[in-house]
Amino acid sequence: MKVAYWPGCVSRGFTPELHGSMAKVAPLLDIELVELDRACCTGAGVIAEHNQELADTLNARTFALAQQVEGAELMMNICSTCQGAQSECQERLDANAEYRAHVNETLAAEDLTYEAGLTNKNFLWLLVEEIGLERLGSLVKRPLTNLKVGPFYGCYIVRPRARLGIDDEHPRDHYLHQVIATLGGTVIEYAGMRKCCGFPIITMNKEASLKQAGRHLGDAVDADADCLVTPCPLCHLNLDLQQPLAEKVVGRDLQMPVLHLPQLVGLALGLEPKELGLSRHVVRPTSVIDWSTSVVGAAA
Amino acid sequence: MADIHKPPEEFRIRMRRYDPESGEAPYWDEHTITLAPHRSVLEAILQARDRFDGSIGIRCSCRQAICGSCGVRVNGEPALACHTHLDAALKSSPDGVIEIEPMGNIPVIKDLIVDMDAVHWKKIQRVTPWLINKQPIPEREYLVSHDAMVDVTQSMACIQCGACVSDCLAMEVDPGFIGPAALAKAYRFVGDPRDAQQKERLVDLAQDPEGIFDCTHCFKCVEACPKDVNPMGQIMRLRRIAIDDHHIVDVNNGERHEAAFTGLIKDNGLLWEAELLPRSYGGNSWFGKLHPAAGKELLSSLPAIVKALIRGKVTPMGALKPHKLKSKDLKSVQSIYEKIEKKPERYELNLYISGVDEVVQETPVTVAGGVETEASAPAPESPEGSTSV
């Protein structure tokens with residue numbers, strides 16, 4: 001399937017392994033990525049906090065660019081924070097035709113128009129709803145047998161439920177569980193899996209922010225997880241990049257590897273840890289790499 | 001909608017019991033009660049108390065989601081016990097037993113009763129929860145626009161049940177955080193055109209390190225609220241008015257962070273993470289990193305920075321050079337900024353006031369179909385004219 005692809009900023013900045021691993025995984029899933037390289041940052045909620053109309057207009061521009069991609073079935077992102085920020089703007093734009101027309105007036109300078117009803121899905125949602133768990137399972141080359149994976153959803157992709165289209169028919173707040181199980185892994189539940197990673201207040205209350213990250217990582221250690229997996233690069237920054245600092249705040253060793261969702265999928269589809277950028281993490285995903293080599297060894 | 005014609009059936013409930021005065025540890029207490037599925041979790045608790053154990057502690061009064069007394073956690077989620085049907089509660093239970101616990105973030109007095117005075121009411125008092133009239137007071141009533149009053153009715157809908165406080169993730173790590181209920185109450189007066197102290201209220205909340213900029217933006221309170229008060233939405237509006245109308249510089253770097261973020265996107269189109277942190281501490285320019293506050297921060301982050309460089313996660317060039325949109329697109333983004341930011345007044349669509357177009361409920365026009373956008377704001381009638389209050 002062809003998708004208008006919004007990678008976000010951080011996946012091309014401080015977590016380049018995310019964008020890179022998505023590019024490696026996409027062809028294996030028969031996804032054609034048409035990158036929206038003309039689009040700007042979603043604002044991550046901060047621009048909306050500053051000026052709602054500005055955030056709505058900048059995101060409407062992205063949506064309009066996505067709607068111009070010939071043959072694309074939908075827009076896809078690989079960042080929960082982008083999903084949350086975009087869904088908030090889209091909720092307003094789709095709710096009110098008068099407002100949409102007002103925003104489109106600004107976009108007219110570039111000859112762009114946003115038409116209500118864009119489908120915008122995070123890679124996680126696309127995996128379950130478009131590719132389907134059955135097909136995903138059939139593509140697995142190296143099942144995650146005996147790998148204990150803790151899902152880390154964060155906030156922006158699970159709340160608010162109504163805005164994000166989460167209901168009995170679309171239990172999107174359980175999709176990470178479903179994907180881990182489909183790939184053959186063992187799902188490890190722990191207290192912090194749908195809590196805040198702390199990133200939004202890292203510059204405002206660093207201690208509280210790192211305490212949040214440290215506690216969730218500690219919960220996962222106590223639940224005996226080998227690694228975590230997240231659909232959000234900002235959560236990854238607080239859980240992985242900041243983990244050495246979080247360890248100090250909570251006063252315990254953590255050493256919990258955190259994988260991006262495409263990396264976990266890539267491993268199961270047979271890609272090597274190195275080509276998925278696992279060596280670029282601050283916390284070495286030794287448990288995962290050992291697991292992948294032992295699985296390959298066993299297969300040989 | 002629950003079916004009210006179904007006959008009574010058996011439900012199992014598991015309550016967390018605790019009496020701090022007893023010196024005993026908390027324990028789980030399970031009972032089987034018999035009620036029709038549309039009856040409430042509160043009625044189940046009361047039946048267990050009447051039939052099996054008169055010492056079960058629960059606070060309740062109106063039994064119709066108005067008084068806010070019976071806030072608890074049902075299967076881990078905050079709820080009014082009187083407003084949760086037994087069939088719905090059973091559905092969300094992982095093991096067929098409805099689990100009922102006292103609210104979080106507030107100390108337990110006994111069983112399901114928490115000490116609202118110790119946490120919730122103290123925080124509410126903190127925001128001067130009354131109107132400070134503009135002078136001179138008119139001889140008859142104040143006249144204010146209808147929309148302005150509908151706007152504050154959203155936070156006035158709060159019944160002080162504490163569900164948002166119970167679930168607040170910032171308060172979980174920082175109990176001093178003023179919290180979602182108090183800040184929603186603060187907006188009720190900051191947003192009221194009759195109040196004389198808008199700026200003073202905001203200065204107070206911005207100078208408190210556990211004030212408006214301590215919220216982690218996790219949407220927990222938005223989900224927890226049984227009355228659609230949208231506390232986090234009100235907190236974001238408090239920030240917006242504080243920063244953009246009153247230019248208040250706070251003690252948490254909130255104002256600098258917002259300026260740095262929006263400025264970096266205006267300059268590059270994409271986020272330049274390596275600059276965001278120092279500018280949030282040291283001020284919104286390239287020289288921000290030379291400010292002592294930024295230097296101190298960079299120094300304390302050194303263990304993470306060094307590891308990121310060693311692993312190749314961050315390259316020196318990547319840190320020094322922003323990723324940027326092509327110049328034609330960047331110019332378009334900048335002209336959007338300029339057009340919107342130079343407007344004398346911000347234009348905000350408040351779905352609580354405007355409601356949702358009916359056409360949205362129909363089949364969406366998409367890039368190619370898919371899940372519909374759900375917008376679930378109430379649609380109050382908004383006749384023209386003003387309201388006397």
Side-chain angles (χ1 to χ4, degrees), chain A residues 4 9-10 12-14 38 40-41 43 45-47 49-54 57-58 66-67 72-75 90-92 94-97 99 106 109-110 115-119 155 159-163 165 170 195-196 198 200-201 203-205 208 211-212 241-242 244-245 279-282, chain B residues 169-170 173-174 213-214 216-219 222-223 236 239-240 244 252-254 257-258 261-262 265 269-271 273 277 280 303-304 307-308 311-314 323 325 329 332-333 335-337 339-341 346-349 351 354 356-357 360 364-371 373-376:
Chain A
C9 305
V10 177
R12 293 174 285 181
F14 271 13
R38 295 184 53 200
C40 69
C41 171
V46 182
I47 295 182
E49 179 188 312
H50 160 69
N51 187 317
Q52 213 178 70
E53 186 191 355
L54 178 61
T57 310
L58 293 174
Q67 287 177 326
E73 290 185 41
L74 45 78
M75 177 166 142
Q90 193 184 353
E91 182 180 53
R92 283 189 288 268
D94 285 2
N96 190 307
Y99 182 60
T106 306
E110 277 186 282
E115 282 185 59
L118 172 83
T119 303
C155 304
R159 288 180 292 273
R161 292 169 64 86
R163 180 188 290 161
H170 304 95
K195 291 187 178 177
C196 177
I201 52 165
T203 59
M204 301 179 204
N205 185 342
K211 205 184 269 182
Q212 287 186 307
L241 180 70
Q242 303 275 19
L245 305 179
S279 53
R280 300 182 94 168
H281 293 191
V282 163
Chain B
L169 294 181
V173 287
D174 181 6
F213 290 100
D214 202 20
T216 75
H217 210 273
C218 71
F219 298 96
V222 180
E223 283 294 296
M236 295 308 125
R239 289 184 181 181
R240 192 181 302 146
D244 294 286
N252 296 61
N253 309 309
H257 177 72
E258 188 198 285
F261 196 108
T262 53
I265 306 306
L270 299 168
L271 186 63
E273 303 100 315
L277 195 73
S280 295
K307 277 207 169 162
R311 297 275 195 272
K313 184 175 183 61
V314 180
H323 44 184
L325 286 184
D329 290 304
S332 300
V333 166
S335 67
I336 291 173
Y337 261 86
K339 179 177 171 185
I340 293 171
E341 290 199 318
R346 286 189 307 273
Y347 180 51
E348 280 169 31
L349 178 71
L351 294 179
S354 71
V356 175
D357 286 352
V360 175
V365 186
T366 64
V367 170
V371 176
T373 304
E374 291 181 38
S376 61

Chain A interface, residue from [options] that has the most non-hydrogen pairs under 4.5 Å:
{"options": "B/S335, B/S280, B/A170", "answer": "B/S280"}
{"options": "B/I336, B/V333, B/L277", "answer": "B/I336"}
{"options": "B/V222, B/L270, B/L349", "answer": "B/L349"}
{"options": "B/N252, B/V314, B/T262", "answer": "B/N252"}

Report summary line: Hits for side chain to side chain contact (heavy atoms under 4.5 Å, CB included) against B/C218, two or more places apart or cross-chain, chain-then-number order -> A/C155, A/R159, A/C196, B/L169, B/T216, B/K220
Contact origin within [X] toward chain A - heavy atom pairs under 4.5 Å:
{"X": "B/H217", "value": "both"}
{"X": "B/L271", "value": "both"}
{"X": "B/D214", "value": "both"}
{"X": "B/E258", "value": "both"}

Which atom of [X] lies closest to which atom of [Y], heavy atoms considered:
{"X": "A/T106", "Y": "B/K339", "answer": "OG1-NZ, 3.1 Å"}
{"X": "B/L325", "Y": "A/R38", "answer": "CD1-O, 3.9 Å"}
{"X": "A/E49", "Y": "B/F213", "answer": "OE2-CE2, 4.3 Å"}
{"X": "A/A97", "Y": "B/D357", "answer": "N-OD2, 2.5 Å"}
{"X": "A/P244", "Y": "B/K307", "answer": "CG-CD, 4.2 Å"}
{"X": "B/F219", "Y": "A/R163", "answer": "CE2-NH1, 3.7 Å"}

Heavy-atom check, side chain of [X] versus side chain of [Y], under 4.5 Å:
{"X": "B/V356", "Y": "A/E91", "value": "no"}
{"X": "B/Y337", "Y": "A/L58", "value": "yes"}
{"X": "B/P303", "Y": "A/L245", "value": "yes"}

Requested in this report: Against chain B, work out which of A/C40, A/A109, A/P200 has the most heavy-atom pairs shorter than 4.5 Å and name it.
Outcome: A/C40
Report task. Name the member of A/E110, A/K195, A/Q242, A/H281 that forms the most heavy-atom pairs with chain B at distances under 4.5 Å. Result -> A/K195
Quick check: does any side chain N or O of [X] sit under 3.5 Å from a backbone N or O of [Y], one acting as donor and the other as acceptor?
{"X": "B/E348", "Y": "A/Q52", "result": "no"}
{"X": "B/D174", "Y": "A/A208", "result": "no"}
{"X": "B/R311", "Y": "A/V282", "result": "yes"}
{"X": "B/N253", "Y": "A/T203", "result": "yes"}

**Report entry** For A/Y99, all residues meeting ring-ring contact (aromatic ring centres under 6.0 Å, His included), sequence neighbours excluded
**Finding:** B/Y347
Query raised in the report: Considering the options B/R240, B/E341, B/R346, which one meets the side chain to side chain donor-acceptor pair (under 3.5 Å) requirement together with A/H50?
Result: B/E341
